[in-house]
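Input: a single structure, listed below in structure tokens.
Everything numeric in this text was worked out from a predicted model, so none of it was measured.
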Amino acid sequence: MEKLEPLDHCYGTTLEEVERTLRFALDIVSDGIWDWNIRTNHVKRSPGWYSMLGYALDSLPEDVETWKSVIHPGDIERVMRNFQAYLDGESLIYAEDYRCRCRDGSYLWISDHGRFVEFDEAGKPTRMIGAHRNIHQRKMASLELQRKNEELLALNRKLEALVDARTEALRQANEALAQQVASAMRLSETDPLTQVSNRRHFERNLHGEWQRFQRHGHVTSLLMFDLDHFKRINDSHGHQIGDRALVAVSRTVRAALRDEDCFARWGGEEFIALLPETGQDAALQLAERLRLVVPQADPSLPLGLTASFSVAGMQAGEGVESLLKRLDDGLYRAKQRRNCIEAC
């Protein structure tokens, strides 16, 4: 077997030889190395460092100020802050990415790592070695990706804002449409003069209540009244006074009814009320109260007002048409006497 040469014969054992070997190794794994003698402030840079930035070998002063002078103005504050933190022992590592100015004035992104390698008797660092690596292509690709991501985020924010604006506009349009529909519905269900329900709306409520009565037997009554001698008011004082009387009576009677009662203008000077959960006796008592308040609806009218009433309760097996005829017949009888109430 061939005898191996001793390591000191192959690689040398002097400090200079060890450092030279170390520099060769660092040159292999980096694009440039630097060696800072902290005591003298002398900085030795490898040929690769000069080549990386396009400078002639040893063409720059070998001190820390040269390093500071080539750092991009936008990066130097951050780099110096973190470098000083390592020098002061506030940070365990020194590692920074920043831009260095090349000989042609362009800037190159590099990655810089360094550490203390020698200390004095008091433990104070006296030497620091570091390595630079050219990361320009990778960094530029990363920055381009970041730029595109930021553009995409900005576009997303614009789209979200647009969607929010469209959503709000749609909400407002829907709300306006709903208000228009509600307004149209109210108009279709309301007597334009008196602002109480019209005949169509009343009939729809009446059929619903009648079906509920047929299924569950809940007592329900109807009340109808007609203003006495109303034609005399129109003929003597004009339709404007007649309309004022209708409005006043409608307002007065509506105020005397419950929210669940449906009160409508049946036609001309006739009015009708649907009274759920109300028996005929209670309906007769209500009719009497209304008979007494009708004359007080508008005391300033030139002629006093009175009304004739009929009251009918729903009966099992009776249809809506029959119920209304019974109520109408009762009102006819009441109008023969005037200012009275007829139970049907």
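A salt bridge is absent between R45 and E62; no separation between the charged side-chain nitrogens and carboxylate oxygens falls under 4.0 Å. E96 has a carboxylate O that lies under 4.0 Å from a charged side-chain N of R78, or vice versa, which qualifies the two as a salt bridge. A salt bridge does not link R147 to E150: none of the charged side-chain nitrogens sits closer than 4.0 Å to a carboxylate oxygen.
For the pair Y94 and L87, the minimum side-chain heavy-atom distance is 4.5 Å or more. Taking the side chain as every heavy atom from C-beta outward, I38 and R127 never approach each other to under 4.5 Å.
Side-chain contact, W109 with N134: no donor N or O sits under 3.5 Å from an acceptor N or O. Counted by atom type alone, Q84 and D88 present one or more donor-acceptor pairs between their side chains at under 3.5 Å. Judged purely by distance below 3.5 Å, without hydrogens or angles, the side chains of D31 and H132 never pair a donor atom with an acceptor atom.
Other residues, nucleotides and ligands contribute only 12 or fewer heavy atoms inside 6.0 Å of the CD atom of E77. Within a 6.0 Å sphere centred on CD of E260, other residues, nucleotides and ligands contribute more than 12 heavy atoms.
Between Y55 and Y50, the ring center distance fails the sub-6.0 Å criterion.
Residue pairs that meet the salt bridge (charged side-chain N to carboxylate O under 4.0 Å, His left out) test with at least one member in residues 153-164, sequence neighbours left out, do not exist here.
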Side-chain polar contacts of residues 299-310 - donor-acceptor pairs under 3.5 angstrom, sequence neighbours left out - could you list them?
unit_1 : atom_1 : unit_2 : atom_2 : d
S300   : OG     : R244   : NH2    : 3.0
S300   : OG     : D298   : OD1    : 2.5
T306   : OG1    : D228   : OD2    : 2.7
S308   : OG     : D228   : OD1    : 2.7
S308   : OG     : N339   : N      : 3.1
S310   : OG     : L327   : O      : 2.9

